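The structure appears below as structure tokens.
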Amino acid sequence: MSFVAYEELIKEGDTAILSLGHGAMVAVRVQRGAQTQTRHGVLRHSVDLIGRPFGSKVTCGRGGWVYVLHPTPELWTLNLPHRTQILYSTDIALLTMMLELRPGAVVCESGTGSGSVSHAIIRTIAPTGHLHTVEFHQQRAEKAREEFQEHGVGRWVTVHNQDVCRSGFGVSHMADAVFLDIPSPWEAVGHAWDALKVEGASGFLGGVCPGGRALPTLLGSGSYDPEVRTVQATLQLGPNPHPC
Ligand SMILES: C[S@@+](CC[C@H](N)C(=O)[O-])C[C@H]1O[C@@H](n2cnc3c(N)ncnc32)[C@H](O)[C@@H]1O
């Protein structure tokens, strides 16, 4: 299983998303001999998960059932263990579009946080791109590395455990795009500039934190020629046009 490529059958070590009913989901790591308690009863990984196709409807101990879904970055965003505030798919869609991310892109990001944005970026830039993600909190950096390996995407990402405002992104003149979701993005503008390829590059400051204070840094030095756009993304849910 990989978050980047679909595989049909569930294996030991995979991450699977259990859909328990309307709006209720949980992520599980599939392990031979393990059990997961759900509100519909117990799910035995060896019997109920391993070897079955993703998408299966599986009956649990008390007779209720769950759907076992293949993981995607969007489902992971809804089910990941929160170590920080995270960005959700509406904002991630916006930044993916504004940064013009595509397969083959080299991207720098900070902070890694809970890896919500990172998983989506990796899925978009694979199989030939690379993500450099910078996180100064040691445990968060280590946990993110571990999750990227578990999710089969480790080869497309390097986690740098350092302060992006002091030490930058660990790469120079390589990135097609930079994304900052830290409390003080203006302190990293110089490093973002250094990380970007000189021509044709784009940067996006902000996320859950205001990027506006970065503007004096961008304009003040005279080195940058920023195009500044303020965008608010809202998600509107309407009736399902194709009810089953
Ligand atoms: C809001 S979280 C990022 C969430 C992430 N975008 C996601 O969706 O999962 C901000 C993260 O930035 C990290 N951080 C803050 N300042 C930093 C800095 N100067 N250098 C590196 N990481 C930093 C924090 O430790 C935290 O994990």
Side-chain angles (χ1 to χ4, degrees), residues 3-4 73 87 91-138 140-142 144-145 147-149 151 153-231:
F3 276 45
V4 162
L87 291 188
D91 292 311
I92 295 172
L94 176 74
L95 75 90
T96 301
M97 185 182 70
M98 291 188 74
L99 292 177
E100 299 177 11
L101 301 187
R102 63 196 180 282
V106 175
V107 181
C108 290
E109 172 207 29
S110 185
T112 315
S114 304
S116 174
V117 172
S118 316
H119 279 83
I121 292 176
I122 293 166
R123 188 263 317 271
T124 302
I125 64 176
T128 47
H130 201 84
L131 172 66
H132 294 272
T133 183
V134 182
E135 171 58 58
F136 68 3
H137 188 286
Q138 190 184 348
R140 285 181 203 149
E142 283 168 6
R145 273 192 203 111
E147 284 178 354
F148 294 140
Q149 291 302 332
H151 297 165
V153 297
R155 82 190 81 153
W156 293 292
V157 55
T158 305
V159 181
H160 303 266
N161 179 208
Q162 60 197 37
D163 183 338
V164 73
C165 300
R166 286 169 175 265
S167 310
F169 292 90
V171 291
S172 286
H173 309 306
M174 279 182 63
D176 298 292
V178 174
F179 178 69
L180 290 170
D181 182 10
I182 58 172
S184 54
W186 53 91
E187 290 179 13
V189 165
H191 291 297
W193 189 249
D194 179 58
L196 287 167
K197 283 177 190 165
V198 175
E199 286 175 35
S202 52
F204 186 95
L205 305 175
V208 290
C209 315
R213 277 185 65 183
L215 196 53
T217 315
L218 286 167
L219 295 172
S221 75
S223 310
Y224 318 113
D225 181 19
E227 177 195 331
V228 179
R229 276 189 269 172
T230 306
V231 183

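Please read all numbers here as calculations on a predicted model, not as lab measurements.
- Nearest heavy-atom pair across Ala177 and Leu101 is CB-CD2, 3.9 Å.
- Pro73 has its side chain out of reach of Ile92: every pair of non-hydrogen atoms, C-beta onward, lies at least 4.5 Å apart.
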Under 3.5 Å, sequence neighbours excluded: what are the donor-acceptor pairs made by side chains of residues 115-127?
{"unit_1": "Ser116", "atom_1": "OG", "unit_2": "Thr77", "atom_2": "OG1", "d": "2.9"}
{"unit_1": "Ser116", "atom_1": "OG", "unit_2": "Leu87", "atom_2": "O", "d": "2.7"}
{"unit_1": "Ser118", "atom_1": "OG", "unit_2": "Glu109", "atom_2": "OE1", "d": "2.9"}
{"unit_1": "Ser118", "atom_1": "OG", "unit_2": "Glu109", "atom_2": "OE2", "d": "3.4"}
{"unit_1": "His119", "atom_1": "ND1", "unit_2": "Gly115", "atom_2": "O", "d": "2.8"}
{"unit_1": "His119", "atom_1": "NE2", "unit_2": "His151", "atom_2": "ND1", "d": "2.8"}
{"unit_1": "Arg123", "atom_1": "NH1", "unit_2": "Glu74", "atom_2": "OE1", "d": "3.3"}
{"unit_1": "Arg123", "atom_1": "NH2", "unit_2": "Glu74", "atom_2": "OE2", "d": "2.7"}
{"unit_1": "Thr124", "atom_1": "OG1", "unit_2": "Ala120", "atom_2": "O", "d": "3.0"}

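- Within the structure, the side chain to side chain donor-acceptor pair (under 3.5 Å) test picks out the following pairs touching residues 159-170 (sequence neighbours left out): His132-His160.
- Annotation for Gly104 and Thr128: closest pair CA-OG1, 3.2 Å, computed over non-hydrogen atoms.
- At least one donor-acceptor pair under 3.5 Å links the side chain of Glu135 to the backbone N or O of Gly113.
- For the pair Met174 and Lys197, the tightest heavy-atom approach, listed with the atom from each and the gap, is O-CE, 3.4 Å.
- Between Cys108 and Ala175, the shortest heavy-atom contact is SG-CB, 3.8 Å.
- Contact record, Cys165 with Glu187: SG-CB, 3.6 Å, taken as the closest heavy-atom pair.
- The distance from atom OG1 of Thr96 to atom CZ of Phe179, rounded to the nearest 0.5 Å, is 9.0 Å.
- Here Ala144 pairs with Thr112, Phe148 under the side-chain contact (heavy atoms from CB on, under 4.5 Å) rule; sequence neighbours left out.
- For the atom pair Arg155 CZ and Gln149 CD, the distance stands at 9.5 Å (nearest 0.5 Å).
- Heavy atoms only, all atoms of each residue included: Asp194 and Ser172 are closest at OD2-OG, 2.8 Å.
- Note that the CG atom of Leu180 and the CH2 atom of Trp186 stand 11.0 Å from one another [nearest 0.5 Å].
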